[in-house]
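As a basis for the values below, the full set of heavy atoms in this structure was taken, side chains included, without hydrogen atoms, waters or symmetry mates. The chain is numbered in sequence order, starting from 1.
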Amino acid sequence: MSLTTQPDLRSTVARDVLVDIEQFLFEEAELLDQWRLHEWLDLFAPEGYYEIPTTDRPDGDPTKDLFLVHDDRFLLEQRVNSLLTRAAHAEYPHSATRRIISNVRAMEAEGDRLHVLANFAVYRVRSGVLDTYVGQYRHIVEPDEVTGFRFISRKSVMVLDALRPHGKVSIIL
C-alpha cells in the first residue's frame, strides 16, 4: 500500500490497541499545545517523517507534487529548534493552540506497524485572531517501549479549500 493513500479499514485492530492509540494521540496533542516540541520530537522513529500536503492535492506524492511540509527526522528537528527561538517571528511569542482529535481508526499494516486515521481540528490564536485548521491525520505508527508508539509517518491532510485567511501553516498541525 502506498503511504499517500488511505488504508482499507475493514480489518481494524483490537479495541484495547485502539484505546492505546487514542491515548497516544491525545498525549501528543497535549505536548504540541504546551509547546513541548523536543518531547514531541521524541515520538518519531529515526526514519520518521512529517508531511502536510497542499490543500489542492491531499493525496499528492511528495517526490512529484508540492507539499507545505515534507520533513525527514533531521529537517523536523531543525523545524522544532527554529520554532522555539525568537527568530521564528510567526510564532514568537508562541501562539495558543488547542487540538481536538476524533474518529480514531486503526488497522494493521506491515509487521507490527499500524495505519491510523483520525480527524482533527486545530485552533490557533495569535494577536486576537483565530485560525482553524481542519483535516485528517494519516499516520503510520509502530509500538515503542517508552512512548507506547512512535511515528514512522505523520501526515496532516487539511480539508480546507485554501489557507485563507491565515495563508500559512506556522505551527505543527
Evaluation steps, side-chain contact (heavy atoms from CB on, under 4.5 Å), between Glu108 and Val13
CA-CA 6 Å; Glu108 294 177 7; Val13 299; 4.0 Å; yes
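- Residues Ile172 and Leu160 share a single hydrophobic cluster, defined by chaining ILVMFWY side chains whose heavy atoms lie under 4.5 Å apart.
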When you look at Tyr49 and Leu76, which way does the side-chain contact (heavy atoms from CB on, under 4.5 Å) test go after all the steps?
CA-CA 7 Å; Tyr49 59 94; Leu76 188 53; over 6 Å; no
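- Side-chain atoms of Thr132 and Val122, non-hydrogen and from C-beta on, never get closer than 4.5 Å to each other.
- The cluster map of Ile, Leu, Val, Met, Phe, Trp and Tyr, joined by side-chain heavy atoms under 4.5 Å apart, puts Leu43 and Leu25 in the same cluster.
- Listed for the Tyr50 side chain is a donor-acceptor partner under 3.5 Å among the backbone atoms of Leu173.
- The shortest non-hydrogen separation linking Ala118 to Val104 is CB-CG2, 3.8 Å.
- To the nearest 0.5 Å, atoms CD (Glu27) and OG1 (Thr147) are separated by 9.5 Å.
- Residues Thr97 and Tyr123 form no side-chain contact, since every pair of their non-hydrogen atoms from C-beta on lies 4.5 Å or further apart.
- A salt bridge links Arg138 and Asp59; the closest N-O separation between the charged side-chain nitrogens and carboxylate oxygens is under 4.0 Å.
- Between the CE atom in Met107 and the CZ atom in Arg113 there is a gap of 14.5 Å [rounded to 0.5 Å].
- The minimum heavy-atom distance linking Met158 with Pro53 is given by the pair CE-O, 4.5 Å.
- Ion pairing between a basic and an acidic side chain is recognised when a charged N comes within 4.0 Å of a carboxylate O; Glu91 and Arg79 show no such pairing.
- Side chain of Arg105 to main chain of Leu18: no donor-acceptor pair is present (N/O by atom type, distance under 3.5 Å, no hydrogens or angles).
- Side chains of Arg124 and Ser95: a donor-acceptor N/O pair is present below 3.5 angstrom, by distance only.
- Grouping the Ile, Leu, Val, Met, Phe, Trp and Tyr side chains by contacts below 4.5 angstrom, directly or via other members, places Leu114 with Ile101.
- Side-chain contact annotation: Arg86 with Tyr92, donor-acceptor N/O pair under 3.5 Å present.
- Closest heavy-atom contact between Asp61 and Phe67: C-CE1, 3.8 Å.
- Around the CZ atom of Arg36, the shell of radius 6.0 Å holds more than 12 heavy atoms that belong to other residues, nucleotides or ligands.
- Side-chain atoms of Trp35 do not come within 3.5 Å of backbone N or O of Ala96 as any donor-acceptor pair.
- Between Asp42 atom CG and Leu31 atom CG the span is 9.5 Å, to the nearest 0.5 Å.
- Of all the heavy atoms in Thr54 and Leu66, the pair that sits closest is CG2-O, 3.3 Å.
- The distance from atom OG of Ser153 to atom NE2 of His115, rounded to the nearest 0.5 Å, is 9.0 Å.
- Between the CD atom in Glu77 and the CG atom in Asp72 there is a gap of 10.5 Å [rounded to 0.5 Å].
- Judged purely by atom type and a 3.5 angstrom limit, Arg99 has no side-chain atom pairing as donor or acceptor with the backbone of Phe26.
- Using modelled atom types, one side-chain atom of Thr85 and one backbone atom of Ser82 make a donor-acceptor pair closer than 3.5 Å.
- Within the model, atoms NZ of Lys155 and CG of Leu117 stand 11.0 Å from one another, a figure rounded to the nearest 0.5 Å.
- Minimum interatomic distance between Leu83 and Ser170 (heavy atoms only, all atoms of both residues): CD2-O, 3.3 Å.
- Here the side chains of Ile152 and Val141 are not in contact, with every heavy-atom distance at 4.5 Å or above.
- Nearest heavy-atom pair, Ala45 versus Arg150, reported as atom, atom and distance to 0.1 Å: CB-NE, 3.7 Å.
- At a threshold of 4.5 Å between non-hydrogen side-chain atoms, the residues Phe149 and Asp144 do not count as touching.
- Aromatic ring centroids of Phe151 and Phe24 lie under 6.0 Å apart.
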Given His38 and Asn81, is the side-chain contact (heavy atoms from CB on, under 4.5 Å) satisfied, shown in steps?
CA-CA 8 Å; His38 287 292; Asn81 290 335; 2.8 Å; yes
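- Within the 4.5 Å cutoff, no side-chain heavy atoms of Tyr137 are placed close to those of Val157.
- With hydrophobic clusters built from ILVMFWY side chains whose heavy atoms lie under 4.5 angstrom apart, Leu41 does not share a cluster with Leu75.
- One finds no salt bridge joining Arg154 and Glu51 here, because no Lys/Arg side-chain nitrogen approaches an Asp/Glu carboxylate oxygen to under 4.0 Å.
- No side-chain heavy atom of Thr55 sits less than 4.5 Å from a side-chain heavy atom of Asp161.
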